[in-house]
Amino acid sequence: EMWEKFARRAQSLGTRCYEPELCYMFRSFSRADYYDHYLFITLLGRVHRRLHMFSVSDVAILLGIWDNPRFAHEGCMQKVLEHL
């Protein structure tokens with residue numbers, strides 16, 4: 001499946017990408033409702049690590065991701081809201 005291949009590639013790139021790319025990758029999987037646990041953990045860890053560099057527009061994209069309950073993570077949401 002296309003999303004499986006995309007998830008593997010996104011996971012390998014997830015540790016090297018920065019704020020805008022990270023948010024767009026996260027959003028694309030959320031909108032497609034394709035959940036891969038390893039990718040989710042990778043992207044979530046990167047969000048935690050890079051949160052201090054997020055702009056308001058990056059945070060807005062992240063907040064939209066959590067409209068999908070499969071991608072909701074209470075701890076991360078709290079940290080992102082505190083960052084605002």
Side-chain angles (χ1 to χ4, degrees):
E1 181 179 321
M2 179 196 77
W3 284 102
E4 281 182 42
K5 291 178 183 177
F6 187 34
R8 293 297 143 242
R9 184 69 177 143
Q11 185 178 358
S12 69
L13 293 173
T15 58
R16 293 176 292 198
C17 64
Y18 296 98
E19 295 72 38
E21 298 90 11
L22 179 64
C23 294
Y24 291 127
M25 277 197 304
F26 221 149
R27 183 174 68 177
S28 66
F29 284 99
S30 175
R31 285 185 176 177
D33 198 32
Y34 182 84
Y35 181 83
D36 179 273
H37 181 71
Y38 296 110
L39 174 65
F40 180 72
I41 295 301
T42 299
L43 295 179
L44 199 61
R46 190 67 176 167
V47 166
H48 279 275
R49 179 156 173 75
R50 301 287 305 170
L51 187 59
H52 67 282
M53 298 295 293
F54 276 52
S55 68
V56 172
S57 60
D58 298 328
V59 170
I61 294 169
L62 280 180
L63 294 177
I65 291 166
W66 293 315
D67 286 342
N68 184 338
R70 294 175 79 184
F71 287 83
H73 187 270
E74 194 65 37
C76 190
M77 279 195 269
Q78 186 63 35
K79 287 185 180 190
V80 168
L81 292 174
E82 289 172 5
H83 175 70
L84 280 177

How many angstroms lie between [atom1] in [X] and [atom2] in [Y], if you round to the nearest 0.5 Å?
X: Arg9; Y: Leu39; atom1: CZ; atom2: CG; result: 13.0 Å
X: Met77; Y: Glu82; atom1: CE; atom2: CD; result: 13.0 Å
X: Leu84; Y: Lys79; atom1: CG; atom2: NZ; result: 15.0 Å
X: Leu22; Y: Leu62; atom1: CG; atom2: CG; result: 7.0 Å
X: Met53; Y: Glu19; atom1: CE; atom2: CD; result: 5.5 Å

Discussion item. Can you confirm whether Glu74 is buried at CD, in the sense that more than 12 heavy atoms of other residues, nucleotides or ligands lie under 6.0 Å from that atom?
Written reply: no

Nearest heavy-atom neighbours spanning [X] and [Y]:
X: Trp3; Y: Ser28; result: CH2-O, 3.7 Å
X: Ser12; Y: Arg16; result: O-NH2, 3.2 Å
X: Gly14; Y: Met25; result: CA-CE, 4.1 Å
X: Phe71; Y: Tyr34; result: CZ-O, 3.3 Å
X: Ala7; Y: Asp36; result: CB-CB, 4.3 Å
X: Cys23; Y: Ile65; result: O-CD1, 3.9 Å

Practice prompt. Assess whether side chain to side chain contact (heavy atoms under 4.5 Å, CB included) is satisfied between Cys76 and Trp66, documenting all intermediate values.
Written response: CA-CA 10 Å; Cys76 190; Trp66 293 315; 3.8 Å; yes

Practice prompt. Report yes if the side chains of Phe54 and Val80 come closer than 4.5 Å at any heavy-atom pair, otherwise no.
Written response: no

Discussion item. Could you check whether any side-chain heavy atom of Leu81 comes within less than 4.5 Å of a side-chain heavy atom of Leu63, counting everything from C-beta outward?
Written reply: yes

Discussion item. When you measure from the centre of the six-membered ring of Tyr18, is the NZ or CZ of Arg46 closer than 6.0 Å and no more than 45° off the axis?
Written reply: yes

Worksheet entry | Hydrophobic cluster membership, Met2 vs Phe40, 4.5 Å side-chain cutoff | yes

Worksheet item: Are Leu51 and Ile41 joined in one hydrophobic group, where the rule is that I, L, V, M, F, W and Y side chains link up if heavy atoms are under 4.5 Å apart?
Response: yes

Discussion item. Is there a ring pair (Phe, Tyr, Trp, His ring centres under 6.0 Å) between Phe6 and Phe29? Walk through the geometry before answering.
Written reply: CA-CA 9 Å; Phe6 187 34; Phe29 284 99; 4.8 Å; yes

